[in-house]
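Values below: every heavy atom of this structure, side chains too, minus hydrogens, waters and symmetry copies. Every number for a ligand or one of its atoms is a count from 1 in the order of the listing.
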Amino acid sequence: MALAGIARLASESELLEAKRGVQYFEMAARSILNRTSPRMPFQWTINPYRGCELGCKYCFARYTHEFMEMDASDFEDKIYAKSAAAQLLRRELGRVERKEHIAIGTATDPYQPAERWFGRTRSILEVFVRERGRRLGITTKSDLILRDLELLREIARGNVLHVNFTITTLDEKTARLLEPRAPRPALRLAALRKLDEAGIAVGVFANPVMPGLTDGERQLDRLAKTARDAGAQWFGGAPLFLMPSAQKVFLPLLEREFPELVARYRELYARSAFLDGGYKELVARIRERYGLEAGPIGYRPELWEGEEQGELFPLQ
Ligand code: SF4
């Protein structure tokens, strides 16, 4: 059968490097900016890589490798760097209104190990350094973001920039099982603190909150307090979204490490990949305890122009 669309692009991609069983490819991309649905809190996304070596067992984005006619487990071993990312962005940025929110790293981590060698995220930030009045958010689990601290500072001087760190748990052992190749939670918190000290608005999302694993009120409370003490201005958490492609990787982990939870998960996710309504009140209660906001700063350039934006928070 002839391969079509993204599967054909993947099959034609040039092998860049292979390491510890991870293979890196250069992928021809037609565009770098993607329009989101009106339900999302941002209008555009940028994901410089397809696949993510950090390999979180629960990762919902595994299905994107299935589009390329690969297995969900290939998601962390076959990494595609989008070619000419900066050129594409320069060409496409004219379509974006200044107040529209551009989110970097919504499907794969922009600071995964591949970024050390291929620098696609950095090349994108170099485009935004020359912009004024843009609204930009970055989501990551990696302290590699500190490599770009000076660039981020420069962007934040002329644009609304915020950085979200994803931290599901402070427990190192649980984190190692769930997020085997991601930097330790303590390293993420240290990076968050450095960004805050540099005047960049930062927050933490405990996504995904996992029943029986990371959803205890004391656990989330400690996480929120630690994040606040490190400089986080907002805190959020939503339940695990467990698509069939993620189930293929997540359920075997449960069977191996947390067998007592398997029946509960099978029941919870029997009918849908979504969990109804979970954790809204719990997370709101915890937020209130520590004076944290629900999300990043709003687009109010008139209030911060020429100022360090971190000093002007909160601006919902
Ligand atoms: S860091 Fe994010 S994108 Fe990468 S594997 Fe983990 S959840 Fe998926």
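- The Leu54 neighbourhood of ligand 1 comprises atoms 1 (S), with distances under 4.0 Å to a heavy atom of that residue.
- Taking atom 2 (Fe) of ligand 1 as the reference point, the nearest protein heavy-atom neighbour is Lys141 NZ, 3.8 Å.
- Every atom of ligand 1 is numbered from 1 in the order shown, and the set under 4.0 Å from a heavy atom of Cys52 is 1 (S), 3 (S), 4 (Fe), 5 (S).
- Residue Ala61 does not touch ligand 1, judged by heavy-atom distances below 4.0 Å.
- Annotation for ligand 1: atoms under 4.0 Å from non-hydrogen atoms of Asp109 are 1 (S), 3 (S).
- In this model, a donor atom of one side chain and an acceptor atom of the other lie less than 3.5 Å apart for Asn47 and Thr106.
- With hydrogens and angles ignored, the 3.5 Å screen pairs a side-chain donor or acceptor of Gln112 with a backbone N or O of Asp109.
- Close contacts between ligand 1 and Cys56 involve ligand atoms 1 (S), 5 (S), 6 (Fe), 7 (S) [criterion: under 4.0 Å to a heavy atom].
- Ligand 1 has Gly55 within reach: a non-hydrogen atom of the residue lies less than 4.0 Å from it.
- The ring of Phe235 has its center no closer than 6.0 angstrom to the ring center of Phe205.
- Ligand 1 is never approached by Gly105 to a heavy-atom distance shorter than 4.0 Å.
- Counted by atom type alone, Tyr58 and Glu179 present one or more donor-acceptor pairs between their side chains at under 3.5 Å.
- Between Phe241 and Phe60, the ring planes are tilted. Angles from 30° to 60° get that label.
- Gln43 places no side-chain N or O within donor-acceptor distance of the main-chain N or O of Arg35, the cut-off being under 3.5 Å.
- Side chains of Asp229 and Tyr290: no donor on one and acceptor on the other come within 3.5 Å.
- Residue Cys59: no N/O/S atom is found under 2.8 Å from atom 6 (Fe) of ligand 1.
- The distance from ligand 1 to the heavy atoms of Thr108 drops below 4.0 Å at these ligand atoms: 3 (S).
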